[in-house]
Amino acid sequence: MVKSEIKKSLFKAIQSKKEWEEVNLASLRVEIKDNKEKNFGDFSTNIALILAQKLKESPKKIADKLIKKFPPHPSIKKIEFSKPGFINFYLIDSHYSEILKIIKKEKEKFGLNKTKDENKKILIEYVSSNPTGPLHVGHGRGAAFGSVLSNILRASGHKVDEEYYVNDQGRQIDILTLSVFLRCEQLLNNDFPYPKFCYQGEYINSYAEQIIESSKEKGSKGEVFFIPVDKRKRLIEELKKIKKEEDLDVLISFARRNLENKFIKVKEFVLEQIVHSIKLDLSKMGVNQNLWFTETKLYKSQNKKPSLIDEVKDILERAKLTYEEGGALWFKSSQFKDDKDRVIEKENGQTTYFASDIAYHAHKYGRGYDKIINVWGSDHHGYLPRVKSAMSALGLDPDKLEVIFIQFATLIKENKKISMSTRGGQFITLDELMKEVSPEATRFFFINRKAEQHLSFDLDLAKKQSKDNPLYYIQYAHARICSILKNLELTKRKVNSGLGEKNLNLLNGEKEEELLKILSKFPEVVLKSSDNYEPHLICYYLKDLSSSFHGYYNEEKILVDKEEELQAKILLLQGVKQVIFNGLTLLGVSSPSSM
RNA sequence: GCCCCGUUAGCUCAGUCGGAUAGAGCGCUGGAUUCCUAAUCCAGAGGCCUCAGGUUCAAAUCCUGAACGGGGCACCA
C-alpha cells in the first residue's frame, strides 16, 4: 500500500516542476518494485530511466530533482539514487512489524481488498461438462480453477455468480437415452446387440438396471419389453446395420416413434441421475456453483413470447446476417472475427450447439454483469471467435466476455503416465481421483500450476505426507503454530497482545524480518491473482511463507522466558497462522490445528 | 496449411505492465534433534532461460522467424 503512495508522491513531484509540465503522467509506465537485494532498499522505481528518454536529460539529474521534491512520508527512512538510474526507497524499521497489528485487527478479512470503487458484478461459468457421464480428471482442473478464482475475485471485492451450463438438449443426450434403452433390452435378452458408437460406461448399465427394477415394481410381471414385441426383430436388424456413428440417428427416431413418452421419461430420468452425480462430485471437492442454467430453457417459450433461441435467430435474420445454403441456415460470422461462416440451423431443422450458445451468452449479457468469464478446456479455443462474432452481431460488447483456457492434465502414477481415453469408458473419474488422494489435495494440486501450463498430476506425491507435498508442508506449518500456542497454554502462560504490540521492535532477527515482509505482501498477492486470474499465485505464496516459518522455527525458540520477547513472537506467529488460514481458505482447503 | 498453449538446473515448475547477481522443491553431496511436532531445518554442487535475428540505457520477459512437444481447425458437443 506504501507502493501506491510512493507512486502518487512521485507524480506530485513531477507536476511541481514547471519544466516537466508537458509530461503525460497517464502514459508513464512507472513501476514500484520490491527489491530482492537488501542493499538497494525496500522498493525501487524506474521512473527516472523512463523520463530520461522523454526529457532528454540524464537519469541522475532527474532522480535528484525528484528526490528533492519528494514529500516526506512517515514510513520512508531515506531515498537514494543508484546507477544506472533507479531511485531506491528505504522504509523505517518498524514499518513491517506494523502489519501484525493490522492482521490482528482484520483477522480473516486480512488480505481482502476493501476498495469499493472497482467492484464489479461478475459471472463465471465453469465445468459445464455434458451430462452424458461422470466428471473425469480433465473437468476436475476446470472445477478447481473456477471455484478458487471465484473465491479470489470475491476477496477482491467483486460480486461473483458461479454458473454451470447444462447441455441437456440435442443429439448427444438422445444417444445417451438410446444407450440406456439398448442396455435395458440387452439386460433382458443377452443376445441383443449393442453398437460401439453408444456410450460404453458401466454407469449406463446401472441406470438400465434401475429402470427395469422400477418398471417391475409398477406391476408388469417381471418381463418388461421397452420396444413393442412386433418391432423387436426390426430393431435388431437395424442394429446390425450400424456401420458409422451417424447411423444412430435412424435408431433414435425409431426409438422416439415406438417408445413415445417413455423415451422422454427415460431421458429425464437419466439426466436427473447424471446431473445429480455431477453435483455430488463437485460438492465433494468443495465446488458449489450457485446457478445452474439448462439449455432446455433456451428453447422454451414463455408467456407466448418466442423462445430465446428463436429470438436471437430472428435478430440475426433481420440484420441480414444469415443466409441459406445446402438446406442449412448460416450465420455470417466471417463478417466479424471468425475464419468462416457457421451453421446455426442444420439441414434437418435442428439448431446447432452454436445456436444455443449464442442464445445462452446473449442471455448472460442480459443479466447485467460487468464481466462474463468462461473457463474452457484448451481444446475449445477455436470456438471463441465465433461466439464473440455472434455477440458483436447482436450489438453486444465482445470484450465483456473473457475466456480462460485451461490446458490438459495428465495423471502420473509410479512415474508413469496414465492414459486417459474417454472412448470405451476407459477414463479415470474425478470421484476415483478424490478417493485415491483426498478431495483437498485434488483441489490444491489442480491449482498449483498456472492455467496455460500442462499439468502432470502426480498421484503418489499428492498422497505423500512429507515436505515433498506442498499442501502438507503448508498445513504442517499451520499445525505447528497451533501446537506452540497450545503449549503456551499448558505452561499456564497467557497471551498478552498489548505487551506484544509494544515490543514489536524485538522482532529484529533476519528470519523475523523476512517473515514480516512476506506477511505484508499477502494483500498484493491476492489482488494480483484476482486481476490476472491466476489462483496459482496463492499456492506459491503460501509455500514461501511456510518455508520461511519452518526455517524460523528451527532456528529460534519461540517460547522464551522473557515476557516481552515472548509476546512479540506470539503476535508474529498468530499473524503467520492467520495468513496461512486466509490463504488456504481462498483455495478451499482446511487449516488443521494438529496433524 | 491456419490457429492456441508450452519450452528456464538431471526432474517438476515459479519468475512482478522489461530492471540491478536467475529462483523453489525433488534428486545428488555433506551436516543439524538432551529443546516448542525431524511430517522439519542448514550448507554445497548444479544455468548458452530451445535456437537465430530485432527493439531498448536495460530482454528469460516485448517483436519477427525457426525447431520441438501438446491441443484445435464439423450441418459434434
Side-chain angles (χ1 to χ4, degrees), chain A residues 29-37 39-40 44-46 49-50 52-53 58-59 82-86 88 128-130 132 167 169-173 175 245-246 295 325-330 339-340 342-348 350-354 356-357 377-385 405-408 410 412 415 448-456 458 461 464-470 472-473 475-477 479-488 490-491 524-525 528 532 536-537 539-541 543-544 547 549-560 573 594-595:
Chain A
R29 303 175 79 186
V30 170
E31 33 181 52
I32 314 291
K33 296 188 90 169
D34 294 331
N35 278 336
K36 281 177 253 173
E37 182 56 51
N39 297 332
F40 294 131
S44 69
T45 178
N46 58 350
L49 284 159
I50 293 172
Q53 282 176 323
S58 81
S82 144
K83 47 143 195 158
F86 296 105
N88 294 327
S128 298
S129 126
N130 290 334
T132 52
N167 288 118
Q169 189 85 12
R171 186 159 173 274
Q172 289 306 319
I173 304 300
I175 294 176
E245 213 253 6
E246 295 91 89
E295 189 182 4
E325 194 180 291
L329 186 67
W330 296 71
D339 306 336
K340 51 175 284 202
R342 308 290 175 176
V343 170
I344 54 175
E345 195 173 285
K346 295 186 249 183
E347 197 182 349
N348 64 12
Q350 283 179 349
T351 47
T352 57
Y353 173 84
F354 176 46
S356 295
D357 247 356
S378 62
D379 52 333
H380 281 64
H381 93 269
Y383 193 73
L384 181 59
F405 293 102
I406 309 270
Q407 294 296 316
F408 283 9
T410 42
I412 309 277
N415 288 320
N448 190 32
R449 198 110 307 168
K450 58 181 172 188
E452 310 92 82
Q453 266 282 7
H454 294 256
L455 178 136
S456 312
D458 188 331
L461 180 63
K464 238 184 194 174
Q465 306 205 352
S466 77
K467 68 171 296 195
D468 307 6
N469 179 339
Y472 270 86
Y473 185 75
Q475 289 181 319
Y476 181 48
R480 253 187 167 171
I481 295 174
C482 291
S483 161
I484 296 169
L485 296 175
K486 210 176 188 178
N487 279 319
L488 182 75
L490 291 175
T491 56
E524 282 173 46
V525 173
K528 194 184 163 202
N532 299 345
H536 73 279
L537 296 179
C539 296
Y540 284 92
Y541 171 82
K543 269 184 267 180
D544 247 27
S547 158
F549 166 73
H550 285 306
Y552 175 55
Y553 174 89
N554 271 272
E555 197 171 272
E556 281 200 51
K557 191 166 165 68
I558 312 294
L559 300 178
V560 290
L573 254 58
S594 70
M595 288 170 77

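None of the values given here were measured: they were computed from a predicted structure. Below, read A as the first sequence line, B as the second, and so on, with proteins coming before strands; counting in each chain starts at 1. Just the heavy atoms: all of them, side chains too, but no hydrogens, waters or symmetry mates, feed the values below.
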Counting the atoms with a prime plus P, OP1 and OP2 as sugar-phosphate, which does [X] contact under 4.0 Å by heavy atoms, base, sugar-phosphate, or nothing?
{"X": "Ser456(A)", "value": "sugar-phosphate"}
{"X": "Ala479(A)", "value": "base"}
{"X": "Arg449(A)", "value": "sugar-phosphate"}
{"X": "Asn35(A)", "value": "base"}

Look at the side chain of [X] and the base of [N], then say whether one donor and one acceptor between them are separated by less than 3.5 Å.
{"X": "Ser44(A)", "N": "A20(B)", "result": "yes"}
{"X": "Asn88(A)", "N": "A20(B)", "result": "yes"}
{"X": "His550(A)", "N": "C41(B)", "result": "no"}
{"X": "Ser82(A)", "N": "A20(B)", "result": "yes"}

Does a nitrogen or oxygen in the side chain of [X] sit under 4.0 Å from OP1 or OP2 of [N]?
{"X": "Gln453(A)", "N": "U7(B)", "result": "yes"}
{"X": "Lys543(A)", "N": "A14(B)", "result": "no"}
{"X": "Lys33(A)", "N": "G19(B)", "result": "yes"}
{"X": "Lys450(A)", "N": "G15(B)", "result": "yes"}

Between P of G71(B) and NE2 of His380(A), the distance in whole Å: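 About 15 Å, once rounded to whole Å.
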
Ring of Phe408(A) versus six-membered ring of G70(B): centres under 5.5 Å and planes under 30°?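 Given the distance and angle limits, no, they do not stack.
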
Using the aromatic ring of Phe40(A) (for Trp, its six-membered ring), decide whether it stacks on the base of A20(B) within the limits of 5.5 Å and 30°.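 Yes, the aromatic ring of Phe40(A) stacks with the base.
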
According to the interplanar angle, ranging from 0 to 90°, do the rings of Phe549(A) and Tyr553(A) count as parallel (below 30°), tilted (30 to 60°) or perpendicular (above 60°)?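 The rings of Phe549(A) and Tyr553(A) sit tilted, inter-plane angle from 30° to 60°.
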
